Amino acid sequence: MATTAKTWINNVIKPEQYERYLNKGQTFLDENFINSTLDKAKNPNPAYIKEIIAKSLALNRLEPEETAALLNCTDEDLWEEIFVAGGKIKQAVYGRRIVTFAPLYVSNHCVNSCVYCGFRSENNKTKRKQLTQAELEAEILALIRKGHKRLIMVYGEHPDSGVNYIAETLQIAYQTKEDNGEIRRCNVNAAPMSIEDLKKLNEVGIGTFQVFQETYHPSNYQRLHPKGIKADYRWRLYALHRAMEAGIDDVGLGALFGLYDPKFEVMGLLMHTIDLEEKFGGVGPHTISFPRMELASNTPFTSANKAAIDDKLFKKLVAVIRLSVPYTGMILTAREPAQVRQDIIPIGITQIDAGSNIGIGAYSTDTLDYDKQQFILGDTRSLDEAIQDLASMGYITSFCTAGYRCGRTGEYFMDIAKEGKVHALCMPNAILTFKEYLLDYASEETRIVGETLIEKEIAALANPGLRNKVKGMLGQIERGERDIFL
Ligand code: SAM
Ligand code: SF4
């Protein structure tokens with residue numbers, strides 16, 4: 001590796017930027033506390049589980065011992081109650097709408113060695129690629145022609161795709177427009193950064209900044225990330241604290257399920273949530289993600305994985321996260337096959353990606369090349385098919401980004417989410433963006449199912465004044481206006 005790259009790597013981590021968040025030199029992730037809490041919660045009393053369900057239904061965040069009790073529940077009837085409660089919580093906070101986005105892989109150059117990832121630096125079969133400005137514009141055009149309005153832009157960690165490149169690519173994504181098509185929100189999944197770099201991303205209008213801890217278990221983390229910048233567990237553990245400090249008030253947590261004991265990981269996600277709430281005036285994660293490990297090209301770890309999690313257990317883990325942090329958005333990605341997503345969405349999912357292609361440059365060239373991908377996708381339905389299936393299940397697809405552009409983020413968002421009021425504000429906006437999609441991009445079948453659903457949801461709006469207002473705005477959209485919101 002060239003000396004300049006080595007110098008860059010050696011200068012990324014700034015320990016003083018996380019040391020101030022430690023408690024007497026220790027992180028918020030207390031391994032012994034998690035293990036003993038899980039141990040003490042074995043064989044939970046059914047009455048206690050019902051109390052916990054009631055607490056979540058009242059939209060209160062759970063405490064570690066309560067989450068541990070849910071994780072230890074073995075009564076299948078109670079699990080059914082937990083699933084139903086998850087759906088009710090989602091309905092109370094967010095309503096019957098699913099926010100939809102597309103992943104856009106921008107660069108797969110990476111200096112790290114995560115054993116489960118197709119992009120790890122040792123994988124010499126991976127075709128490395130970093131999008132140029134023209135290639136990125138072509139990708140954005142391909143995405144907006146399908147109807148996408150929201151992206152998660154994904155990057156490996158490499159000096160060539162450092163913060164300046166990320167900031168430039170965000171600006172290009174926002175500026176590339178055609179007819180009614182445009183990207184209105186770019187979230188980012190990239191390596192942990194310094195506060196100075198995160199401020200640069202905030203200035204160019206980053207949406208949510210996501211960093212997944214992968215595994216919260218310290219020694220397991222070390223084993224799976226043996227070298228490179230990512231080997232520093234603490235730099236990663238406090239990545240989102242730094243983002244909040246830099247003014248990015250929507251942050252997304254995640255754990256990669258399949259690397260370690262999943263109960264430990266759910267507890268880790270909760271401890272992370274609690275620490276963010278404590279340090280940032282009650283503001284916890286905007287979203288939580290729970291990717292399950294998938295096969296990756298030329299990556300033996302992913303095919304010989306001993307910690308694999310079956311669908312039944314996975315659904316229970318998702319439900320426990322839903323009950324534990326009622327206010328948070330929950331993302332279920334296209335790593336999962338369509339039937340798994342359809343089974344899990346009703347227990348509390350708020351966001352999915354759809355029509356996804358994760359090869360670099362793959363949207364504009366319409367190609368599928370596993371050697372340019374980080375892993376292999378489970379749900380390959382088109383955006384239109386996924387939207388039609390969601391509508392048949394009774395969910396409005398939302399492309400809404402109004403909340404962010406009106407400053408409904410961070411503390412303001414948390415307050416209305418905790419009181420179950422997001423739904424009242426966002427459902428009308430979801431309907432308006434769904435209408436845009438139906439008029440501009442949908443197939444005939446999707447339009448028919450979608451229009452019927454819109455009528456039903458308008459009838460369900462409790463306030464007659466609001467109902468009339470939304471009807472009027474739908475008329476404006478039919479007459480050609482776009483991007484109107486409450
Ligand atoms: N390079 C950045 C980082 O590591 O933070 C960006 C993230 S990576 C491109 C996106 C996420 O994909 C990772 O954080 C990890 O959780 C997930 N991932 C990696 N390998 C995977 C696999 N084989 N199956 C499923 N998800 C995987
Ligand atoms: Fe690089 Fe991220 Fe893949 Fe690790 S997970 S090898 S850091 S792209």
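Atoms within a ligand are numbered from 1 in the order they appear, just like the ligands themselves. Model, not experiment: these values are computed from the prediction. Index from 1, following the sequence.
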**Study point:** Any donor-acceptor N or O pair under 3.5 Å, side chains T27, Y233
**Key:** no

Review point. Taking 4.0 angstrom as the limit, do R341 and D353 come out as a salt bridge?
Key: yes

Study note, to complete from the structure: Of all protein heavy atoms, the one nearest atom 2 (C) of ligand 1 is Y155 O, 3.4 Å

Review point. Are E277 and K279 within salt-bridge range, i.e. N to O under 4.0 Å?
Key: no

Exercise for review: Examine the side chains of S194 and E196 and answer whether a donor and an acceptor come within less than 3.5 Å of each other.
Suggested key: yes

**Study point:** Heavy atom of the protein closest to atom 4 (Fe) of ligand 2 (residue, atom name, distance)
**Key:** C114 SG, 2.2 Å

Exercise for review: Considering heavy atoms of the protein only, find what lies nearest to atom 18 (N) of ligand 1 and give residue, atom and distance to 0.1 Å.
Suggested key: Q374 NE2, 3.7 Å

Check your understanding: Ignoring hydrogens and geometry, is there a side-chain-to-backbone donor-acceptor pair from E265 to Y216 under 3.5 Å?
Key -> yes

Revision key, fill the gap. In this structure, atom 24 (N) of ligand 1 is nearest to the protein heavy atom E294 N, 2.9 Å

Practice item. Go through ligand 2 atom by atom and flag the ones less than 4.0 Å from a non-hydrogen atom of N112. Key: 7 (S)

Check your understanding: Looking only at heavy atoms of R292, does any of them come nearer than 4.0 Å to an atom of ligand 1?
Key -> yes

Check your understanding: Is ligand 1 under 4.0 Å from a heavy atom in the side chain of P192, in the backbone, in both, or in neither?
Key -> neither

Exercise for review: Between E157, R236, Q213, flag the one that comes closest to atom 5 (O) of ligand 1 by a heavy atom.
Suggested key: R236

Exercise for review: Would you check whether E214 has a nitrogen or oxygen atom less than 3.5 angstrom from a nitrogen or oxygen atom of ligand 1?
Suggested key: yes

Exercise for review: Give the residue, atom name and distance (to 0.1 Å) of the protein heavy atom nearest atom 4 (O) of ligand 1.
Suggested key: K230 NZ, 2.9 Å

Review point. Between H241 and Y21, does any side-chain donor sit less than 3.5 Å from a side-chain acceptor?
Key: no

Check your understanding: Is there a donor-acceptor pair under 3.5 Å between the side chain of Y363 and the backbone N or O of N357?
Key -> yes

Review point. Short N/O distance, under 3.5 Å, between R335 and ligand 1?
Key: yes

Exercise for review: Determine, for R185 against D250, whether the closest basic-nitrogen to carboxylate-oxygen distance falls under 4.0 angstrom.
Suggested key: yes

Review point. Atoms of ligand 1 less than 4.0 Å from C117 heavy atoms?
Key: 20 (N)

Exercise for review: Record the part of Y116 in heavy-atom contact with ligand 1 below 4.0 Å; permitted values are side chain, backbone, both and neither.
Suggested key: both

Practice item. If the plane angle is over 60° it's perpendicular, under 30° parallel, otherwise tilted; pick one for H225 and Y116. Key: perpendicular

Check your understanding: Hey, which atoms in ligand 2 end up nearer than 4.0 Å to a heavy atom of C110?
Key -> 1 (Fe), 6 (S), 7 (S), 8 (S)

Review point. Hey, is F119 one of the residues with a heavy atom under 4.0 angstrom from ligand 1?
Key: no

Practice item. Indicate whether the side chain of T299 and that of R120 have a donor and an acceptor atom separated by less than 3.5 Å. Key: yes

Study note, to complete from the structure: In L70, L270, L253, L269, the residue satisfying side-chain contact (heavy atoms from CB on, under 4.5 Å) with I321 is L269

Point to revise | Note: R292-D311 ion pair, threshold 4.0 Å (strictly below) | key: yes

Check your understanding: Looking at atom 3 (Fe) of ligand 2, what's its closest protein heavy atom, distance included?
Key -> C117 SG, 2.3 Å

Study note, to complete from the structure: atom 5 (S) of ligand 2: closest protein heavy atom, distance to 0.1 Å, is K230 NZ, 3.4 Å

Practice item. Assess the pair Y238 and F28: is the distance between their ring centroids shorter than 6.0 Å? Key: yes

Exercise for review: Check whether any N, O or S atom of H225, backbone or side chain, sits closer than 2.8 Å to atom 4 (Fe) of ligand 2.
Suggested key: no

**Study point:** Protein heavy-atom partner closest to atom 27 (C) of ligand 1 - residue, atom, separation in Å
**Key:** F375 CD2, 3.7 Å

Check your understanding: Which of the listed options, N108, V154, N189, holds the heavy atom that is closest to atom 7 (C) of ligand 1?
Key -> N189

Practice item. Tell me, please: is E157 in heavy-atom contact with ligand 2, that is, under 4.0 Å? Key: no

